[in-house]
Amino acid sequence: MLARAFDSYRDHPNIVVFASGVSDSTVTDVAQFEREKTLLVNTIDEQCKKLFVYFSTCSVVDPELSASPYVSHKLKMEGLIQAHSFSYLVFRLPQVVGHGGNKNTLTNCLYASIRDGERFQLWRNAYRYIIDVDDVSAVTSYMIDRDEYLNRIVNVASCRFSIFDIVRALENVTQRSAIYTEIDKGASYDIDCSEAHKVARLLNIRFGDTYLHRVVRKYYAE
């Protein structure tokens with residue numbers, strides 16, 4: 001999904017967008033992490049003079065997930081990029097919503113469960129940041145094209161929504177009631193998205209209370 005969104009950079013002479021990493025935050029398979037590490041290191045070595053663009057995760061500040069193998073791996077990749085790239089930009093992303101993509105993403109899983117009438121566990125204390133893949137592309141492309149953002153790690157997210165808000169938005173587009181069991185898990189946390197929001201305003205991208213419903217309708221309305 002991210003690779004398609006950045007296809008315009010495919011043949012760029014000075015920029016390489018690395019969109020071939022581990023995208024499933026539930027992965028614990030060391031082989032998958034090693035595959036990404038090898039590809040990342042080889043790509044930096046082969047294209048060392050290019051701006052290296054990498055997508056990491058906002059989950060580094062999520063107290064429920066920050067100690068997970070996935071987050072640990074992403075932090076190690078960030079470190080490798082900082083140590084070995086001639087120039088770089090690392091974008092930490094939250095839950096990215098778009099056509100296709102990983103079937104294990106939060107919104108894809110919730111949508112499939114609600115659509116098919118399957119019961120699922122709902123972490124009642126969970127909050128998530130949601131962003132449209134098109135908005136990721138627009139905001140990050142703006143930063144990629146400007147030297148002032150070089151060699152930085154930037155959070156690119158919209159605003160925080162409760163898990164109940166996300167479920168209700170999906171119920172609205174599917175016209176089905178979710179069947180779930182609440183469990184006492186999840187956390188609320190803040191992400192500093194000030195840089196991304198500044199760019200979004202310049203691009204007339206409006207994050208706010210209606211953003212979640214607009215994004216869900218765009219990609220899940222039947």
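For this chain, numbers begin at 1 and follow the sequence in order. What you are looking at is a predicted structure, and each value in this text was computed from that prediction instead of being measured.
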Crowding at [atom1], [X] (>12 non-hydrogen neighbours, <6.0 Å):
X: Phe120; atom1: CZ; result: yes
X: Lys76; atom1: NZ; result: no
X: Asn42; atom1: CG; result: yes

Looking only at side chains, do [X] and [Y] share a donor and an acceptor under 3.5 Å apart?
X: Tyr129; Y: Asn155; result: no
X: Lys103; Y: Tyr111; result: no
X: Asn108; Y: Thr105; result: yes
X: Tyr127; Y: Asp165; result: no
X: Glu78; Y: Ser56; result: yes

Polar side-chain atom of [X] near backbone of [Y] as donor-acceptor pair, under 3.5 Å:
X: Ser72; Y: Ser68; result: no
X: Tyr54; Y: Leu40; result: no
X: Asp147; Y: Tyr149; result: no
X: Arg201; Y: Ala196; result: no
X: Arg119; Y: Ile179; result: no
X: Tyr88; Y: Asn151; result: yes
X: Ser113; Y: Glu118; result: no

Close side-chain approach of [X] to [Y], heavy-atom, < 4.5 Å:
X: Phe52; Y: His84; result: no
X: His213; Y: Arg217; result: yes
X: Asp190; Y: Arg160; result: yes
X: Leu51; Y: Val16; result: no
X: Ile131; Y: Val139; result: no
X: Leu80; Y: Val41; result: yes
X: Glu182; Y: Phe164; result: yes
X: Val133; Y: Val97; result: no

Verdict with reasoning, Met143 to Glu148, per side chain to side chain contact (heavy atoms under 4.5 Å, CB included): CA-CA 8 Å; Met143 294 181 179; Glu148 65 192 276; over 6 Å; no
Carefully, step by step, assess Asp132 and Tyr211 under the rule side-chain hydrogen bond (donor to acceptor under 3.5 Å, both in side chains). CA-CA 9 Å; Asp132 185 335; Tyr211 184 76; 5.2 Å; no
Side chain to side chain contact (heavy atoms under 4.5 Å, CB included) between Asn204 and Arg206, intermediate numbers included: CA-CA 6 Å; Asn204 292 316; Arg206 301 301 179 211; 3.4 Å; yes
Indicate the atoms forming the closest heavy-atom contact of [X] with [Y], along with that distance.
X: Ile205; Y: Ala138; value: CD1-CB, 4.0 Å
X: Phe207; Y: Ala157; value: CE1-O, 3.9 Å
X: Arg4; Y: His99; value: NH2-O, 2.9 Å
X: Pro63; Y: Val61; value: CD-O, 3.3 Å
X: Cys58; Y: Ile191; value: CB-CD1, 3.5 Å

Sorted by chain and number, sequence neighbours left out, side-chain hydrogen bond (donor to acceptor under 3.5 Å, both in side chains) with Gln47 holds for Lys50
Can you list everything that forms a side-chain hydrogen bond (donor to acceptor under 3.5 Å, both in side chains) with Thr57? Sequence neighbours excluded, please. Ser59
Run the side chain to side chain contact (heavy atoms under 4.5 Å, CB included) check on His73 and Gln32 step by step: do they pass? CA-CA 10 Å; His73 165 73; Gln32 291 197 42; over 6 Å; no
Transitive ILVMFWY side-chain link [X] to [Y], under 4.5 Å:
X: Leu150; Y: Phe55; answer: yes
X: Leu89; Y: Leu93; answer: yes
X: Ile163; Y: Tyr220; answer: yes
X: Val90; Y: Leu75; answer: no
X: Phe161; Y: Val136; answer: yes

Pairwise distance [atom1]([X]) to [atom2]([Y]) - rounded to 0.5 angstrom:
X: Ile144; Y: Asn14; atom1: CD1; atom2: CG; value: 12.5 Å
X: Arg152; Y: Gln82; atom1: CZ; atom2: CD; value: 12.5 Å
X: Ser137; Y: Met1; atom1: OG; atom2: CE; value: 11.5 Å
X: Ile114; Y: Ile166; atom1: CD1; atom2: CD1; value: 10.0 Å
X: Asp145; Y: Ile15; atom1: CG; atom2: CD1; value: 6.0 Å
X: Asn125; Y: Lys185; atom1: CG; atom2: NZ; value: 11.0 Å

Test salt bridge (charged side-chain N to carboxylate O under 4.0 Å, His left out) on Lys74 and Glu36; report intermediate values, then the result. CA-CA 10 Å; Lys74 285 296 186 181; Glu36 177 179 350; 3.7 Å; yes
Between Tyr219 and Thr107, does a side chain to side chain contact (heavy atoms under 4.5 Å, CB included) hold up when you go through it step by step? CA-CA 10 Å; Tyr219 292 109; Thr107 52; over 6 Å; no
For Phe6, is the NZ or CZ atom of Arg10 found under 6.0 angstrom from the centre of its six-membered ring and inside 45 degrees of the ring axis? no
